[in-house]
Undergrad: 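Quick one: this structure, given as structure tokens, is what I'll be asking you about.
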Amino acid sequence: MAAAGIISRPYIYLWSGIAIGICGQGLLKAGAGAPSFLAQILDPLTLAGFVLYVGATVFYMMALRRIPLSVAFPSISVSYVVVVLLGAAVFGEHLSLVKISGV
């Protein structure tokens, strides 16, 4: 019975928003290699990251209609762990003990 609660539509919205936000963060990082800040903002990867962030926000807002904030907001912390791993795996960022401890 408890498993049915985390598979309900609001939780699907929550986890979808988190996943979309993680992808958006990756795209923002991918667009960060542009030669200037203006070029970075106009980079298609950055623009796609912005669009995904908007989508993530919409899913999060839909989740908040039924999920208590005290549950929804701490759930976003999963994205911190995934983004650190994404940075290491995709962008070759160094994982130090300090970074791992911070997360």
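Small disclaimer: the values here were computed from a predicted structure and weren't measured.
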Undergrad: Decide whether V83 and L28 are clustered together by the hydrophobic rule: side chain heavy atoms of Ile, Leu, Val, Met, Phe, Trp, Tyr closer than 4.5 Å, transitively.
TA: no
Undergrad: Who are the side-chain contact (heavy atoms from CB on, under 4.5 Å) partners of V81, not counting sequence neighbours?
TA: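 V81 satisfies side-chain contact (heavy atoms from CB on, under 4.5 Å) with L85, V103 only.
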Undergrad: Report the residues that fulfil side chain to side chain donor-acceptor pair (under 3.5 Å) with Y13, sequence neighbours left out, ordered by chain and then residue number.
TA: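 In terms of side chain to side chain donor-acceptor pair (under 3.5 Å), with neighbours along the sequence ignored, Y13 is linked to no residue.
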Undergrad: Roughly how far apart are I41 CD1 and L47 CG, rounded to 0.5 Å?
TA: 9.0 Å
Undergrad: Can you give me the closest heavy-atom contact between C23 and L52, atom names plus distance?
TA: CB-CD1, 3.8 Å
Undergrad: Cluster question for you: counting only ILVMFWY and a side-chain heavy-atom cut-off of under 4.5 Å, with indirect links fine, are V82 and V84 together?
TA: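 As far as the 4.5 Å side-chain criterion goes, V84 and V82 are not connected within one cluster.
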Undergrad: List the atom of L27, the atom of A48, and the distance in Å for their closest heavy-atom pair.
TA: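 Where L27 meets A48 most closely, the heavy atoms are CD1-CB, 3.8 Å.
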Undergrad: Please table the atom pairs, donor to acceptor, closer than 3.5 Å between any side-chain atom in residues 67-80 and protein atoms at least two apart or in another chain.
TA:
unit_1, atom_1, unit_2, atom_2, d
S75, OG, V71, O, 2.8
S77, OG, P74, O, 2.6
S79, OG, I76, O, 2.6

Undergrad: Under the side chain to side chain donor-acceptor pair (under 3.5 Å) rule, what pairs show up with a residue in residues 55-69, not counting sequence neighbours?
TA: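 Every pair satisfying side chain to side chain donor-acceptor pair (under 3.5 Å) with a residue in residues 55-69: there are none.
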Undergrad: Please give me the minimum heavy-atom distance between A56 and G21, naming the atom from each residue.
TA: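 Between these two residues, the closest heavy atoms are CB-N, 3.6 Å.
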Undergrad: First locate atom CD1 of I20, then atom CH2 of W15, and finally report the distance between them rounded to the nearest 0.5 Å.
TA: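 Answer for the CD1-CH2 pair, I20 versus W15, is 13.5 Å.
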Undergrad: I need the minimum non-hydrogen distance between F59 and S16, along with the two atoms involved.
TA: CD2-CB, 3.9 Å
Undergrad: Quick one: which residue pairs count as a salt bridge (Lys or Arg N to Asp or Glu O under 4.0 Å) with a foot in residues 71-99, not counting sequence neighbours?
TA: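 Pairs touching residues 71-99 that pass the test: K29-E93.
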Undergrad: Using every non-hydrogen atom in the two residues, find where A63 and P10 come nearest and quote the distance to one decimal.
TA: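 Here A63 and P10 meet closest at CB-O, 3.4 Å.
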Undergrad: May I have all residue pairs that pass salt bridge (Lys or Arg N to Asp or Glu O under 4.0 Å) and include part of residues 41-61, sequence neighbours excluded?
TA: none
